[in-house]
Each structure stands twice: as structure tokens, then as C-alpha cells.
Amino acid sequence: MIASTAKVLIGPVLFLLILFAAQSIRFRWAAGMLLTFPALNGIGLFVASSKSIVLSPPMIPMIAVNGILCFLYITAIQRGWRLFGIVLTPLMLLVLGLVLWALVFLLDIEISSEWQPAFVVVCLMIALALTRWLWVKRERRSALRGSKTLWEFLQNWKEWYVRVVIFFVLLVLFVAFSYIGADSVAGRLGAAPILPLFALHSLATGNDPQAKMDATKTTVFLGPIAAISFVVLFAEAVYQRGFWFGLSCLIVGWLVCLACIYAIAWGLDELDRRASIS
């Protein structure tokens, strides 16, 4: 119990470090992949490591759903979708996204361990095809502004404190449902879309939303692939393992995910730059 409490308490600190690391990747094509970065997934499985392989099956399909919701949110903003004749605002889309996710949540879908590798491969093939289609349709714009230092990032606490609070609440709910034995509910909550949808809401209501949305939309389907792959491997690695081993696996897994996102974003940035020159 003490170990679980310690994991819950350090969870927001780890999440804050992830937010800082994410804003440090200034390639514009990284934004879409970072939306579904396995922050809550990873810390949730780390906290409930004694049940990680039980929690991952219901968690994995919801991560794929999150990628679809993010794509629909961005498309609705770009095209000015209407509902009953009313133009959907960023806040209305956030609420609708949560409602749609809740409907899928009630279906109680799970991907068993023996089918998880095949699920990853199928999702990867679909994601690559969709990303290629979105890449062809992309708009060429200037790069994003420079990143902040850690001190500057911490000073601008108003930009991130709401996300940290939401994250902590979700983590507590995840642990509570896992503790009472509602593992399927806990697993699905571990992939709650509140954080990515909140991030999109911030983009939609910030400066130059169309430019940011276009860059984010292009790689939005690649993020869930990284997150699902992480969950499949991490759930097995930390199952019934100790605190320090689990924490080490979590940090290494996150670093690998960030490195992959950085490499892909850099490669796409180079392709975009060369296409602009030619």
C-alpha cells in the first residue's frame, strides 16, 4: 500500500517532466504524435504493476479510439462542422468527444494478450496509410517557436497546472477502480482522452489555430501506435516487479517513445523542407 501511494504521488511529477520534454521537441510534425503519448497509461500500469497484464487488454483499444477522436476534433475545427445548425465550438467538441468515448467505454472491448501483436501490426498499417494520405494534403508553414528552459516552463505554471490536476484525478480513479477489483473499468480509464482533447482545445483557442491544427492532424494516427506498443511491452515487463525496476522500465520506455517521435518528426521536417525548396 505504501509503495502504491508513493507511485501515485510521484505520478504528477513524472507527468510534468513529460510535458516539459514534449514542449522541447520543436519539430512541428511531433504535435500529433504527442497527443496520445503514454503518460497516464504508463504511470497507471506502473502504479498497478501487480495487475498490469490484466489492465492492458481493455486499455489498448481505447488508445486507438483516442487517435480517431483527435482526428475528428481537428477535422471539425478545420471544416466548421455543425450540429443542428449550430457551429461546434472547441468546448462543445471537447464535450462531444468525451461523450463518444464514453459510449465506446460502455462496450467493454478488450484485446487479449495473444492478439495484441497482430492488433499492433494492423493498426500500424492503417496508420501509415492514413498518415501518407494526410501528408499529401498537408499545408506548408513555418516551424514552431523555440522551446522553454525548465525554469521558464515551471514559471509559466498557468499553462500546464490544469492538465496536471486532471492527470492526478484520473490516476486516483484508475488506482481506486483497480483496488476494488474493477480491472476492466480501470484499464479503460487508463486511456481516458481528457488530456489529448484538452490539449486540442488549448490549440483551437490559442494563437494561429489553423496552422497548429494542420501540423497536428498530419501525424495524429502515429501517436496511438507508439502508445499501444508501449503498453503491450511495458505491461509484461513490470508485471509483479518491484518499485525501482518498474520505474526504470517506465523511464526507459518513455525515452524510447520520445526518441522515436523526435526521429520521425525530424525526418518529416526534412522531407517538408526539401519539398519546399524544390
Side-chain angles (χ1 to χ4, degrees), residues 18 21-39 60-81 88 90 93 97 100 118-147 191 193 195-204 206-232 254 256-278:
I18 286 298
Q23 67 88 41
S24 299
I25 302 177
R26 299 317 300 170
F27 295 114
R28 63 191 296 257
W29 308 110
M33 293 181 279
L34 289 168
L35 282 175
T36 48
F37 188 85
I60 289 172
M62 302 310 293
I63 297 174
V65 171
N66 289 349
I68 297 171
L69 286 178
C70 290
F71 172 78
L72 292 176
Y73 187 105
I74 297 170
T75 303
I77 289 292
Q78 291 179 322
R79 299 189 179 184
W81 283 0
L88 296 173
L93 286 169
L100 288 174
F119 184 76
V120 172
V121 172
V122 171
C123 287
L124 176 61
M125 294 174 65
I126 295 173
L128 290 175
L130 291 172
T131 302
R132 186 182 184 282
W133 172 64
L134 291 171
W135 176 257
V136 172
K137 296 168 65 68
R138 77 192 185 284
E139 293 184 23
R140 297 186 178 94
R141 299 176 184 266
S142 58
L144 298 174
R145 60 183 175 81
S147 58
L195 293 169
L197 290 178
F198 183 84
L200 287 174
H201 177 268
S202 298
L203 289 178
N207 297 323
D208 197 11
Q210 289 299 331
K212 293 177 181 177
M213 285 292 181
D214 180 67
T216 303
K217 183 179 181 179
T218 302
T219 57
V220 74
F221 288 112
L222 295 178
I225 304 303
I228 292 171
S229 301
F230 172 91
V231 168
V232 170
W254 277 348
V256 171
C257 284
L258 286 172
C260 291
I261 290 172
Y262 185 95
I264 294 171
W266 176 82
L268 293 177
D269 212 52
E270 283 296 302
L271 287 175
D272 192 43
R273 183 180 63 82
R274 293 177 184 179
S276 299
I277 293 173
S278 60

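When a residue number appears, it is its place in the shown sequence, counting from 1.
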Does some side-chain heavy atom of [Y] sit less than 4.5 Å from a side-chain heavy atom of [X]?
{"X": "Leu222", "Y": "Leu128", "result": "yes"}
{"X": "Ile264", "Y": "Thr219", "result": "no"}
{"X": "Thr131", "Y": "Val220", "result": "no"}
{"X": "Leu93", "Y": "Trp81", "result": "no"}
{"X": "Phe37", "Y": "Trp254", "result": "yes"}

Sidechain-backbone polar pair: Asn66 side chain, Pro224 backbone, donor-acceptor under 3.5 Å: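 Pair absent, no side-chain N/O of Asn66 close to backbone of Pro224.
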Any donor-acceptor pair under 3.5 Å from Tyr73 side chain to Pro90 backbone: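 Checked: pair present.
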What are the two closest heavy atoms between [X] and [Y], and how far apart are they?
{"X": "Gln78", "Y": "Met213", "answer": "NE2-C, 4.0 Å"}
{"X": "Thr216", "Y": "Ala31", "answer": "OG1-CB, 3.5 Å"}
{"X": "Val120", "Y": "Ser229", "answer": "CG1-OG, 3.6 Å"}
{"X": "Cys257", "Y": "Pro38", "answer": "SG-CG, 4.1 Å"}
{"X": "Met33", "Y": "Ala265", "answer": "CE-N, 4.0 Å"}
{"X": "Phe119", "Y": "Ala64", "answer": "CZ-CB, 4.3 Å"}

Kindly compute the distance separating [atom1] ([X]) from [atom2] ([Y]), expressed to the nearest 0.5 Å.
{"X": "Lys217", "Y": "Lys137", "atom1": "NZ", "atom2": "NZ", "answer": "7.0 Å"}
{"X": "Leu271", "Y": "Arg274", "atom1": "CG", "atom2": "CZ", "answer": "7.0 Å"}
{"X": "Ile68", "Y": "Leu130", "atom1": "CD1", "atom2": "CG", "answer": "9.0 Å"}
{"X": "Leu69", "Y": "Leu197", "atom1": "CG", "atom2": "CG", "answer": "6.0 Å"}
{"X": "Leu268", "Y": "Thr218", "atom1": "CG", "atom2": "OG1", "answer": "8.5 Å"}
{"X": "Ile60", "Y": "Phe230", "atom1": "CD1", "atom2": "CZ", "answer": "12.0 Å"}

Centroid separation Trp29 to Trp135 less than 6.0 Å: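 Yes, the ring of Trp29 comes within the 6.0 Å limit of the ring of Trp135, centre to centre.
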